[in-house]
Amino acid sequence: MDKWILIDGNSIANRAFYAMPPLTNSAGLHTNAVYGFTTMLLKLLEEEKPTHLLVAFDAGKVTFRHEGFSDYKGTRAKTPPELSEQFPIMKELLKAFGIAQFELAGYEADDIIGTMTRLADEKGVETLVVSGDKDMLQLASSKVSIAVTRKGVSEVERFTPETVNEKYGLKPHQIIDLKGLMGDTSDNIPGIPGVGEKTALKLLHEYGSVEGVLENTGELKGKMKERVEQHRDDALMSKKLATIFREVPLEGAEGGIAYGGFDAESVSAMFAKLEFRSLTERLNLSAPGAAQGAPKAELNVVPVDPGDTEAASLLAAAFKKPNALFLESVGDNPHHADIIGAALAAEDTVYVLPKALLEGAEGQFVRDWLSDPEASKIGCDLHRTELVLARLGVHLQGAEFDIQLAAYLLDPTESDQSVSGIAQRSGLPAVASDESVYGKGAKFKVPDNATLYAHLASKADAVRAIAPLQRAELEKSGMNRLYYELEQPLAVVLADMEKQGIKVDAETIQQLGKDLEHGIESSVSEIYRHAGTEFNINSPKQLGEILFDKLGLPVMKKTKTGYSTDADVLEKLEPYHDIIPLILHYRQLAKLQSTYVEGLLKEVRSETGKIHTYYRQTIAATGRLSSQYPNLQNIPIRLEEGRKIRKAFVPSEPGWYILAADYSQIELRVLAHISGDERLKEAFIHDMDIHTKTAMDVFGVSETQVDANMRRSAKAVNFGIVYGISDFGLSQNLNITRKEAAKFIEQYFDVFKGVRKYMDDIVMQARQDGYVKTLLERRRYLPEIKASNFNLRSFAERTAMNTPIQGTAADIIKLAMVRMQERLREEGLKSRMLLQVHDELVFEVPEDELEKMKTLVPEVMEGALALDVPLKADVNYGINWYEAK
DNA sequence: CTATTCACG
DNA sequence: ACGTACGTGAATAGA
């Protein structure tokens, strides 16, 4: 079955040019429109798999339309040279792709496309028209659909006659009447002044066409009648101008637009000239220039297959030289990931270690090397590597440098943490992306050995090359201690905790699940009764229809897809209908059931009854950890019903205890330190209740006069301060007006003057340096602090205020974790550190170590870093996590 | 694959 | 006038 795609070249190039940031190659040639155009083209080729493909361009300056109306397109700004220089390139690129391009003197691209769609209609060929211009909608038919670009070029909106009708209530051919009435300023089509889309649609729904409107001006009233009558000719001419000419002499042209794939060599040569590296990769083309441009010794790759004694002895010798290790495994969760293979890069040779070697008897010498603490390793994500190797019974030791961890410190907001991404940022020769080698999702597949080995080798070699560059960068940025004394040792501590895991009593969870099930069942039937119908309560869409359409409750907030039904909204709706509290209750129970009962049970290992989370050390932009598979940093505590889940977290040995210690107000203490605010420091030096103290100072009352509401407000203000306060945010949180919130903030800053100064200074500093940093010199770059867009800039400003606070708190507990693990070892304690929850550490402790740990843990936590105010950690213990409160 | 919602600090 | 609180991860719906 044939499929045609017809592209309006001028229109798409224009869209791409204005949508993309300026982009030039090293010769100074502008390439952004070509780039946008090409990405769109590739997407179409991949997704639509056309048999015929045509790009139409406007030709010359004078088209037949000018014969009737000399001002046509008169308002259109002259094409900027940055764009016009890109048209020849685009045409050259199309040639390389083997894609037909038409331009015909006297006709516009529209007309060529219009004529081709007429041919398509006559032949009954499935056709897609791609343009940035809604005029094209007039061509829609049962065979021809229209894709109109929306913001940028990658997103398109598709139209068929049905969707044109849905959107405008018009038949495709009426689009020209719409233009006739409303005009189009971009093409200088006048239409009828004062008639916009709304009015034009109303008129067309009534009278069907421009002519219909003109015949019935008698029925119109007032100003409108006057305008229409005065501009009859304009309307008729505008309609004519908007009409796409479909009789361009193109008979038989369809043979010339057949598309038979492209020649990889010509395309990759073009991409190289344009310096489209990511596109080169996307097409899996090797860059032809790479070989001569960046002379790089051909990698000497030696596979070490089991039984190959010669290769094995070379490898054993390589262990003694400086080298870099890369272990490939598949699966997001390192506790379950399967090894694919590994590679070790030493000097100019890369040894590939197939899975069979790593696992088999012949590989014992490799495993011995991996677990030798004296044999140093440079790697990429050694934390993950350690967990993956643990399942072979190998305890990875001797981490010397990790390029992923370093990349994270050098830019914690960079999302691409792969060897390929890091290599690219380091200015090294390109390393193929994993996606291009393995595919992704359902298409994931380990390639043949030759391809696989080459890929593993290039990664290990890149790791080797990247490490010294990063070491220099860390040094330059003052992050040596942060890296070598904190993050790298922490990676080992985290792996210890994760391998240890925490014991969970599955029966306790199951019992809770049964209780929840009863509660959910009765909630559901009550809700259906109130709603008068059954529906999916989990669907915000269906719930919104029930609440706001059926029951007519007031709409408080909208999301971009419809009504908002979040807890905030529902709480405001409580007085209106008895169904609301039921829904809130249902939501609470359903969350507990799905995420915490079912979710946690799925993660319990049947052999040990333990859960092993995975802490991600290179994700959070502030320096915090995050936890996955499962997330053990968001186990319920605020509401009693959920808090019961914590009863299931128990010690793994009989007679032991769970001990938990958490920092008290660590973020506000950090703020007191870095702002130097005397009043805030004073409060912590005397270990006062900080929210009460804030209320006293802000409201100017004595301690006994602070009521619960004042304290609540003060607490919200303190939170706001830490988050980078805005009156709007505070007003939302406290459910007060923005004015009132602004007044609170003003009063706060009048009292805590040092805090105000810090907030002002840090934003200025971020503007000056382009980044902010924590006490331990952890950085976060904030390029958007200079954005002209208010939203982006404000966000960056709040981040500038928050990151040093949240990040320093993260530094502190990480320090405490490294020290804690050292102390446990030094003192020969059997107690184990199991979990970290941002400001809390959880241990399992034998009874005879309880007294020791009750003093040791807070001592280490409080002593992690000396600030101008004391740090404080509270400690509790019990037979499970719930009781350790 | 994205949007919404909600659990935690 | 702009329209948001900072940082995460997981489950579910519905294209």
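Two residues, A:Asn802 and A:Gln542, neighbour DNA chain C, and the one matched to the more 5' nucleotide by heavy-atom proximity is A:Asn802.
C:dC2 is unpaired under the criterion used here, namely a Watson-Crick or G-U wobble arrangement in which both key atom distances are under 3.5 Å. Remark: B:dT4 base-pairs with C:dA11; criterion is Watson-Crick or G-U wobble with both hydrogen-bond distances under 3.5 Å.
Closest contact between the side chain of A:Ile637 and the listed nucleotides B:dG9, C:dG7, C:dG9 involves B:dG9. Listed candidates were C:dA10, C:dT4, B:dT4. Nearest to the side chain of A:Thr559 is B:dT4. Set against B:dG9, C:dG9, C:dT12, the side chain of A:Arg624 has B:dG9 as its closest nucleotide. Taking every side-chain heavy atom of A:Thr565 into account, B:dT5 is the closest of B:dT5, B:dG9, C:dT8. With C:dA11, C:dG3, C:dA5 as the choices, the nucleotide that has an atom nearest any side-chain atom of A:Asn733 turns out to be C:dA5. If you check C:dA5, C:dG9, C:dA13 against the side chain of A:Lys591, the one that comes closest is C:dG9. Set against C:dG9, C:dA11, C:dG3, the side chain of A:Asn631 has C:dG9 as its closest nucleotide. Side-chain atoms of A:Thr799 lie closest to C:dG7 of the nucleotides C:dG7, B:dA7, B:dT5. In the set B:dC8, B:dG9, C:dA5, C:dA5 carries the atom at the smallest distance from any side-chain atom of A:Phe719. Listed nucleotides C:dA5, C:dG14, B:dT5 differ in distance to A:Pro540; the shortest reach to its side chain belongs to B:dT5.
Atom CG of A:Leu592 is separated from atom P of B:dT5 by 18 Å (rounded to the nearest Å). Atom P of nucleotide C:dA1 and atom CZ of A:Arg793 are separated by 16 Å, given to the nearest angstrom.
You'll find a donor-acceptor pair under 3.5 Å spanning the side chain of A:Gln806 and the base of C:dC6, going by distance alone.
Close to C:dC6, at under 4.0 Å from its OP1 or OP2, lies a side-chain N or O of A:Arg798. Note on A:Arg638: a side-chain N or O is less than 4.0 Å away from OP1 or OP2 of B:dG9. Between A:Arg780 and the phosphate of C:dG7, there is a side-chain N or O to OP1/OP2 separation shorter than 4.0 Å. The phosphate of B:dT4 has neither OP1 nor OP2 within less than 4.0 Å of any side-chain N or O from A:Ser564. The phosphate of C:dA13 (OP1 or OP2) has a side-chain N or O of A:Asn538 nearer than 4.0 angstrom. For C:dT8, the OP1/OP2 oxygens have no side-chain nitrogen or oxygen of A:Arg616 closer than 4.0 Å. Residue A:Ser626 places no side-chain N or O under 4.0 Å from the OP1 or OP2 atom of C:dG7. For C:dA13, one of the phosphate oxygens OP1 or OP2 lies less than 4.0 angstrom from a side-chain nitrogen or oxygen of A:Asn536. Between A:Lys560 and the phosphate of B:dA3, there is a side-chain N or O to OP1/OP2 separation shorter than 4.0 Å. For the pair A:Ser539 and C:dG14, the criterion of a side-chain N or O lying under 4.0 Å from OP1 or OP2 is met.
Rounded to a whole angstrom, the distance from the P atom of B:dA7 to that of C:dC2 is 32 Å.
Taking the six-membered ring where the residue is Trp, A:Tyr629 and A:Tyr614 present parallel rings, their angle staying beneath 30° rather than reaching 60°.
Of the possible donor and acceptor atoms, one in the side chain of A:His335 sits under 3.5 Å from a partner among the backbone N and O of A:Thr613.
Using a 4.5 Å heavy-atom cutoff, the side chains of A:Phe548 and A:Met556 are not in contact.
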